[in-house]
There are 2 protein chains.
Amino acid sequence: MVTMRDVAKRAGVSVATVSRVLNDSGYVNEDTRKTVLAAIEEMKFKPNSVARSLFKKQSKTIGLIVPDINNPFFPQLARAVEDVTSESDFTVFLCNSDGKIDKEIRYFDMLQQKYVDGVLVVSNTLKPEHISHYNFPIIALDRPLDSTIPYVTCNNYEGARKATQHLIECGCVRVAHISGPENIANAKDRLKGYEDAVSEVGLYDENLIFPAEYQIESAKQAAFKLLTKYPDIDGVFAGNDVMAIGVIKAAELLGYKVPEQLKVVGFDGIEFGEIISPELTTVSQPIYQMGSTAASMLLDLIEGRPIHQKETTFQVELLVKRSTQT
Amino acid sequence: MVTMRDVAKRAGVSVATVSRVLNDSGYVNEDTRKTVLAAIEEMKFKPNSVARSLFKKQSKTIGLIVPDINNPFFPQLARAVEDVTSESDFTVFLCNSDGKIDKEIRYFDMLQQKYVDGVLVVSNTLKPEHISHYNFPIIALDRPLDSTIPYVTCNNYEGARKATQHLIECGCVRVAHISGPENIANAKDRLKGYEDAVSEVGLYDENLIFPAEYQIESAKQAAFKLLTKYPDIDGVFAGNDVMAIGVIKAAELLGYKVPEQLKVVGFDGIEFGEIISPELTTVSQPIYQMGSTAASMLLDLIEGRPIHQKETTFQVELLVKRSTQT
DNA sequence: TTGTAAGCGTTATCAA
DNA sequence: TTGATAACGCTTACAA
C-alpha cells in the first residue's frame, strides 16, 4: 500500500506538504502542488481513511440498525439512507437487530468502537438510558424512541383512521382489525386510529380486534380464526401490507371473494402491494422520503449544522385499489 | 472517551499489560489480570477499533456491493451475509451500485481506503483488470465475474431448461421467453436454457424471444407487445420473478386467463412470489444459502483458512404453483 | 511477569 | 511557503 510518505519522497517534499495539497489546507506553492498532484496520480495514492479517522475522531461512516432488511419497507429505507449519505461520501453499516434489544445494544457498541459519526435506528425497545451515553448523534426512524431523540415517522393514527373510514364508506358494517404487535408504537397508534373511527359511527366491537405479528403467516392465521368465528365480518384493516396479504390469503382459503364479500386495507405502501391480486388498497407512507429526510438530518447533526426540527411526521395517503372496490 | 491509557492508570499498570489482558496474549499474572479486568469493567472501557485497525491493517469489516438493495432477492442475500459475518464480529458496509461500473469502482476504492478485509460483489460489468490490484479477497455473488475470482451462483441454465420443459409438459406449444438484460450473465444462461429446451422439441421460434429489464414495468410492456403480436402464445418463461409478475399483469390487461389460457413461470423464488395471485410457478434459488456460503468463503479467505472450492454452483428447484396448473 | 518505546498513516502545530 | 514533530489509541518487540 502506498502511503503519504511514499508520495512525499517521490515528490521531493515532506508529508506535511502532501497532506496540505490533499486537504487544500494552508499555503502551498502552485508548482509544488502540481508536483505533488502528479506523484499522487502516478502512484495511484489513496489516503488511508483509518489513519485519518484515528486522528480526526470521525470516520465518514454511519450505522443503520433495522429489525430485518429482509422485511419489505426496510430495503426502501436503506436505499434512501445510502443514497443521501453516499452523496456526502459516507458509508453505511447495515445492522439487523431482529428487534431484540441486546442485539441493538451490541450493534451500538460495535458502531461506537468503529467511530461511526452517527446512527439511524428503527427500534421499539430502546430507551434513552440505553443510548444517551453514546457520543454521536442518533435519529430514530419509523418509530419514535423518546422525546429526547430526534425522529422521523409518519402519521400512523391518522392513516389508520382514514383506512377504517374508507372501509365504512364502502359500506362495511363489521370492520375488523388485525393489529400489529402491541409493543410496537406504530401498531398501537394504528389500533387507536381504528378504534376511534369505528367508535365514531357506533361500530366498535372489541371482538373484532385481533393481534398478530408483522408477517404474512401470522396474519393469515389470525384472520382465519377471526373470520371463522365472525363470518359476518365484511371489512378488515390490517396492521400493515404484509399482514393484509395474509388476510387476503385466509379469505381466499375460506372462500370469501375480495373485494365483493370482504374488503381489505393495508398500511405502508410497499412496492409489492401492487403485485398482489386484487391490488391492495393501502395507506401509503413516503418511505423513501422518510429515509432520506432522516439521513439528511443525521448529516446535519454530524456536520454541526442547525437542524430545523427535531421531529418530522410525514402525512400518509390512502391509495384506493381493487381490494376495496366493488 | 476512555482509552487504554486511562484503564492502565486506574489499574496501576502499563498500557501493554492492559493490551495483553484484552487480547489474551503473552503472560500476565492472574492478580493483575483481575485488577485490569475490574478497571475495564468500572470504566466501561471499549477498545478503539480504529486504532487497532490501523496497526493490524484489518478492520473486521467487509463490503457488500449489490445493484440495488431495493430489488427483492438482494435483501435476502444481504441478510444472509450479515448473519454469517456478524457471527464472527464483522460489520457489513452496504453499497448500491445500480449496476454501474463507475459506482462499483468508487465503492471498491472507498472500501479499500477503509481497510475492509474483503468484499462480496454482485456485478455484471467488473473485469479482473478492474479489481485485481485490491489487496483484499473478493468473491462474486450471484453472477460470476471471471474464472480468477471465486464465486457463488446457481445453475441458471439448468433452471431455465426445467422451467421451459415444465411449460411444454403442461401442453404449451407456443412458449415465449421474456429475457433479462443481455449483458447480465445469468440472463444469458437462462436464455440458453430456454432455447435448448424449445429446440429439443422443435418449438423454437426466435420471434418469441423478447428482451427486457429485470423490472415489472419493463417486462409488462414487453409481454404486452409480444402477446399482441403473437396471440397464440400459451406459455411464457420470464427472466425472473419480478418480470413474471409484469407478464401476468400484461396478460390480465389483455384478457388472458392465467393459467387457463396462458401459463407463466418465473425464476428466483423470491419470497413474494407466493403473494401474487395466481401464485407463481418459479425456479427457486437457495438465496439465503448462496449468501451465507459466499460470506463463509470470504471469512475463510480473510482468516487464511484453506477454501474448499473456488466455485460453488447451487442447484435450483422447480416450484410448481398455480400459475401453470390448470 | 511487566514496562518502554516504536510504529500503524494521517493531521495540525509550530518553527524555520 | 515548507518541514519537523507530536499527537490519535492501539499492538508488539524487546528489555528489564
Side-chain angles (χ1 to χ4, degrees), chain A residues 1-37 39-40 43-61 89 109-117 135-136, chain B residues 1-37 39-40 43-61 89 109-117 135-136:
Chain A
M1 233 234 164
V2 25
T3 76
M4 266 184 34
R5 195 177 231 80
D6 304 320
V7 174
K9 199 173 292 170
R10 169 75 148 255
V13 297
S14 75
V15 290
T17 303
V18 177
S19 175
R20 280 186 204 105
V21 336
L22 227 51
N23 301 292
D24 277 322
S25 61
Y27 296 89
V28 38
N29 179 297
E30 193 47 34
D31 283 345
T32 61
R33 224 183 86 86
K34 277 181 187 142
T35 326
V36 171
L37 249 19
I40 288 177
M43 310 183 76
K44 303 216 171 303
F45 165 74
K46 296 270 189 309
N48 177 327
S49 323
V50 174
R52 185 176 280 178
S53 294
L54 182 58
F55 188 91
K56 304 255 260 181
K57 292 178 183 305
Q58 49 140 300
S59 58
K60 286 271 186 188
T61 284
D89 286 316
D109 283 343
M110 287 180 68
L111 292 170
Q112 177 182 43
Q113 295 187 55
K114 296 211 166 149
Y115 263 40
V116 294
D117 299 325
N135 50 352
F136 45 75
Chain B
M1 235 235 164
V2 25
T3 77
M4 264 183 35
R5 195 178 230 79
D6 303 321
V7 174
K9 198 173 292 170
R10 170 76 147 254
V13 297
S14 76
V15 291
T17 303
V18 177
S19 176
R20 279 187 205 105
V21 336
L22 228 49
N23 300 293
D24 277 321
S25 61
Y27 295 89
V28 37
N29 178 297
E30 194 47 34
D31 282 345
T32 61
R33 225 183 87 86
K34 276 180 188 146
T35 327
V36 171
L37 250 20
I40 288 177
M43 309 182 78
K44 303 214 170 303
F45 166 73
K46 296 269 189 307
N48 178 328
S49 326
V50 173
R52 184 177 281 178
S53 294
L54 183 58
F55 185 90
K56 304 256 259 178
K57 292 180 184 303
Q58 49 138 303
S59 58
K60 287 272 188 186
T61 284
D89 286 315
D109 284 343
M110 286 181 70
L111 291 170
Q112 178 182 42
Q113 295 187 55
K114 296 211 165 149
Y115 264 37
V116 293
D117 299 326
N135 50 352
F136 46 75

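Within every chain, numbering begins at 1; the chains are lettered A, B, ... in the order of the sequence lines, protein sequences first and strands thereafter.
Remark: the backbone N or O of S49(B) is paired with a side-chain donor or acceptor of S53(B) at under 3.5 angstrom.
For R52(A) and dT11(C), the shortest distance from a side-chain N or O to OP1 or OP2 is below 4.0 Å. The side chain of N23(B) contributes an N or O atom lying less than 4.0 Å from OP1 or OP2 of dT11(D).
Using modelled atom types, one finds a donor on one side chain and an acceptor on the other under 3.5 Å when comparing T61(A) with K114(B).
Rounded to a whole Å, the CD atom of Q113(A) is 16 Å from the C1' atom of dC8(D). The OH atom of Y115(A) sits 7 Å away from the C1' atom of dG9(D) (whole-angstrom rounding). Atom-to-atom, CZ of R5(B) to C1' of dA5(C) comes out at 11 Å; the value is rounded to the nearest Å. Atom CZ in F55(A) sits roughly 13 Å away from atom P in dA6(D) (whole-Å rounding). Atom pair D6(B):CG and dG9(D):P shows a separation of 9 Å (rounding to whole Å applied). If you take NZ of K56(B) and P of dG9(C), they are 15 Å apart, rounded to a whole angstrom. Here the P atom of nucleotide dA12(C) and the CG atom of D24(A) are 13 Å apart, to the nearest Å. Between the P atom of dG9(D) and the NZ atom of K114(A) lies a distance of 18 Å, rounded to the nearest Å.
Side chains of V50(A) and S59(B) form no contact here, defined as non-hydrogen atoms less than 4.5 Å apart. Between R20(A) and V13(A), the closest side-chain pair of non-hydrogen atoms is not below 4.5 Å. At least one side-chain heavy atom of V116(B) sits less than 4.5 Å from a side-chain heavy atom of F136(B).
With distances taken from any side-chain atom of L54(A) to the nucleotides dT12(D), dC10(D), dC8(D), the minimum falls on dC8(D). Comparing atom distances between the M4(B) side chain and each of dT10(C), dC10(D), dG9(D) picks out dC10(D) as nearest. Listed candidates were dC10(D), dT10(C), dC8(C). Nearest to the side chain of K57(B) is dC8(C).
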N/O-N/O pairs, protein side and nucleotides 1-3 of chain D side, under 3.5 Å:
from   : atom 1 : to     : atom 2 : distance (Å)
dT1(D) : O3'    : N29(A) : N      : 3.4
dT2(D) : OP1    : T32(A) : OG1    : 3.1
dT2(D) : OP2    : N29(A) : N      : 2.6
dT2(D) : OP2    : T32(A) : OG1    : 3.2
dG3(D) : OP2    : S14(A) : N      : 2.9
dG3(D) : OP2    : S14(A) : OG     : 3.2
dG3(D) : OP2    : T17(A) : OG1    : 2.5
dG3(D) : N7     : R20(A) : NH2    : 3.0
dG3(D) : O6     : R20(A) : NH2    : 2.5

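Screening V2(A), V7(A), T35(A) for a side-chain contact (heavy atoms from CB on, under 4.5 Å) with I40(A), the sole residue that qualifies is V7(A). When the options V18(A), L22(A), T3(A) are evaluated for a side-chain contact (heavy atoms from CB on, under 4.5 Å) with P47(A), the one that passes is L22(A).
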